[in-house]
Amino acid sequence: MPATLFHRFVLTIGFLSLFHVAYSAAQHRSYLRLNELDFTHLPLDVIIQAFISLFVIMYGVMNVAGDFKEIKASAELENRFWETFKNVPSFYTFSHRGRFLNPSYSSYKGDDE
Amino acid sequence: MTNVNSSLDQLRVWRENNDRKSREIIEIWIRNLNSNVQKLGKEKPLVLEQVCIAALDCNELGIAQKCIQELYKDFPKSLRVKKFEAMFLEAQEKYEEAIEILDNIIKHDETHSGAKKRKIAILKAQGRNVEAIKELADYLKIFMADVEAWQELSELYITEQDFSKAAFCVEELILHNPHNHLLHQRYADIKYTQGGLENIEIARSYYCQAVKLNPNNMRALYGLYLATTAIATSQKCSSQKKKEALKLSEWVLDEIQSQYKDVEVSDMEERLGALQLN
């Protein structure tokens, strides 16, 4: 499944929202400092937004990063067969019947040792 | 343009799967790609190499020549392209000239494994298997991690019916790629061919491993059946072992039958019996 524009958009929104949360948290701290209050916990809306943006980012990343691979190491090899696996391109030889099947090849060389 | 893209996709699939399919490649080349060489994009050199080999396979020397020329245009001094020139001569059975070119490449770059492999392939093409084996063994002393070479060596040993050495080569391959069911199956094939109770027991374990890695490997299932029945009918075996082997062979038979359920095969046991080693 290729990454669609929609998923990229979702991912961007997620990151923007996360940065916004960080900024809000920082602002909350400076607000507390100015009013000389003690820090107990972050306001609930900041925490909720942080979690929502986390899940949005997770959704976006999963769709943008591409397909999952099978966890079994041998999964990719399951559809391979010996017939293709035994082909070794760097050791191909051309002294086979291929040329006799070619209609333009007529002169049979009879002088081979 | 869509034609070109679909052809490129098809060629890529074949390239990755190691399919030889020379005739089909040439057909695609003539139909779609020949007039669009400039549109091949990033894959151009790879496609040209693939088509060149396919053309040599089919003795389409004109196409091969064109591919080599195109490659030379992009990489004028490349040794890799020079190797294709040697292969071009090889296809015409001008082996000595081909070797001359390859020797030149090796003189330029002593670590050029491609050229060394071609020299071995030439020996193979000339039917000088024993010399090819010797050369390949020397080659493997230097390039020990070359999986292709190990595989080729095992094939050569099999053609010379030197099964124990072929088995050693496949062992080496299994070490490089322990998750490949085909290698386990191949090793078991060789061991079963060697015969003898001990070897057949080894074959049985390796067939089991192959089936474990890929439950759909039909050849391994058949091999497992043959190996287990050979153990069960052997005279030197203890009855405990025989019982185990019989149980396993029944399981394999069920497995094969369930996989062929839709295909409708009658009298399986009789047919398998015809394959038995005596």
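From a predicted model like this one, the values you see are computed outputs, not experimental measurements. Below, chains carry the letters A, B, ... as their sequence lines are ordered, and counting in each starts from 1.
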Neighbour count above 12 (heavy atom, 6.0 Å) for B/H176 NE2: yes
Approximate separation, where rounding is to 0.5 Å, of B/E60 CD and A/R99 CZ: 13.5 Å
Rounded distance [0.5 Å steps], CG in B/N177 versus CZ in A/F85: 6.0 Å
Which portion of B/L123 sits near chain A, non-hydrogen atoms under 4.5 angstrom: neither
Side chain to side chain contact (heavy atoms under 4.5 Å, CB included) between A/V88 and B/E155, worked out: CA-CA 11 Å; A/V88 184; B/E155 296 297 312; over 6 Å; no
Straight-line distance of B/R20 CZ to A/E83 CD, nearest 0.5 Å: 14.5 Å
Contact origin within B/R186 toward chain A - heavy atom pairs under 4.5 Å: side chain
Most chain A-contacting option - heavy-atom pairs closer than 4.5 Å, from B/H181, B/E90, B/R118: B/R118
Flag if over 12 foreign heavy atoms under 6.0 Å of CZ, A/R29: no
Residue B/F88 versus chain A: region with a heavy atom under 4.5 Å: neither
Choice from B/K83, B/K124, B/K21 maximising heavy atom contacts with chain A below 4.5 Å: B/K124
Heavy-atom neighbours of B/K44 NZ exceed 12 at 6.0 Å: yes
Minimum heavy-atom distance between A/N87 and B/D19, given as atom pair plus value: ND2-C, 4.2 Å
Nearest-0.5 Å distance that lies between atom CG in B/N214 and atom CZ in A/R80: 12.0 Å
Atom CZ of B/F143 with >12 non-hydrogen neighbours under 6.0 angstrom: yes
Neighbours of chain B found in residues 46-59 of chain A - heavy atoms under 4.5 Å: none
Residue B/Q151 versus chain A: region with a heavy atom under 4.5 Å: side chain
Contacting moiety of B/Q126, where chain A heavy atoms sit under 4.5 Å: neither
Neighbours of chain B found in residues 89-96 of chain A - heavy atoms under 4.5 Å: A/P89, A/S90, A/F91, A/Y92, A/T93, A/F94, A/S95, A/H96
Interatomic spacing from CH2 in A/W82 to CZ in B/R219 - rounded to 0.5 Å: 9.0 Å
Distance-minimising heavy-atom pair for B/N18 and A/T84: CB-O, 3.4 Å
